[in-house]
Amino acid sequence: MPAQTNLFLCLKDNYGVLLHDPESGATAAIDAPEAAPIEAALASTGWRLTDILVTHHHGDHTAGIPELKQRHKCRIIAPRKEAQSIPLVDETVGEGDNVRVGALAGSVIDTPGHTLGHISYFFPAEKLAFVGDTLFSIGCGRVIEGNPEMMWHSLLKLRNLPDDTRFYCGHEYTAANIRFAKTIEPNNKALGARADEVAGLTAAGKPTIPATIGAEKAANPFLRADVPEVAQSVGLAGSAPWKVFAEIRARKNRF
Ligand SMILES: [Zn+2]
């Protein structure tokens, strides 16, 4: 049976998401920004929380862990390199490790840059990826602990996932990301189409994620730093892609 997901807002603009295996009844929360919206999602779906898969140590991804752990006795899986900064961890994982949610089989991808130990979770049979604060729709996370070259290589790993992979990210930033992306690639047709789609979703009060890796590759400037036109548009024709990425990220920080 295919996996089911349930997406909901937490805090101000964080996303919470549940991943459910109908066969075994297992359910994982990807990160735990706060307990109450996760409890509400569990109540509305009737699912039982068995696991929390943590992407990185920031409080807006981990603050709900203690309360949820106490109530549900769920297993906490966290990135090995920053497990010491995450509460009540049961199991630590890193690049290439396998993760199971009931019968759903995922693997861990190290995606450092936003934080040094940040990881993403990929479930190939389900064509689902959970990318935390590394990749956003038409954007990417701030490079806080790592450096731009590191972040670019993490984004390339996500870009290399199959085009039909649907990814869930940690925040609803898409509309603001689109406003910025248009300053880099004003004539990108895929970006224009995504802008129209997002305007419609936002007007209808709907989330703008998940998006697919294939669609994102065509429209997200942070995944397009190795496209000659993008390098040219930021005055860096012929430069290393990570340097182009660094310039786009710096401009976004000032935007
Ligand atoms: Zn973060």
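Nothing here was measured: the structure is a model prediction, and the numbers come from that model. One-based numbering, in listed order, for ligands and for the atoms of each.
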Indicate if the distance from the Zn ion (ligand 1) to the nearest N, O or S atom of H56 falls below 2.8 Å.
->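 Within the cut-off used here (under 2.8 Å), H56 does place an N, O or S atom near the Zn ion (ligand 1).
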Is the distance between the Zn ion (ligand 1) and the nearest N/O/S atom of D60 smaller than 2.8 Å?
->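 No - counting backbone and side chain alike, D60 has no N, O or S atom under 2.8 Å.
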When you measure from the Zn ion (ligand 1) to each N, O or S atom of H58, which atom gives the shortest distance?
->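 Restricting H58 to its N, O and S atoms, the minimum distance to the Zn ion (ligand 1) goes to ND1.
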K127 and side chain to side chain donor-acceptor pair (under 3.5 Å): which partner among T165, D163, D164?
-> D164
Does the pair R80/D97 count as a salt bridge with the N-to-O cut at 4.0 Å?
-> yes
Angular separation of NE2 (H114) and OD2 (D133) seen from the Zn ion (ligand 1), to 10° |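 Roughly 90°, rounded to 10°.
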Could you label the plane-to-plane angle of the H171 and F136 rings as parallel, tilted or perpendicular, counting under 30° as parallel and over 60° as perpendicular?
-> perpendicular
Could you label the plane-to-plane angle of the Y168 and F130 rings as parallel, tilted or perpendicular, counting under 30° as parallel and over 60° as perpendicular?
-> parallel
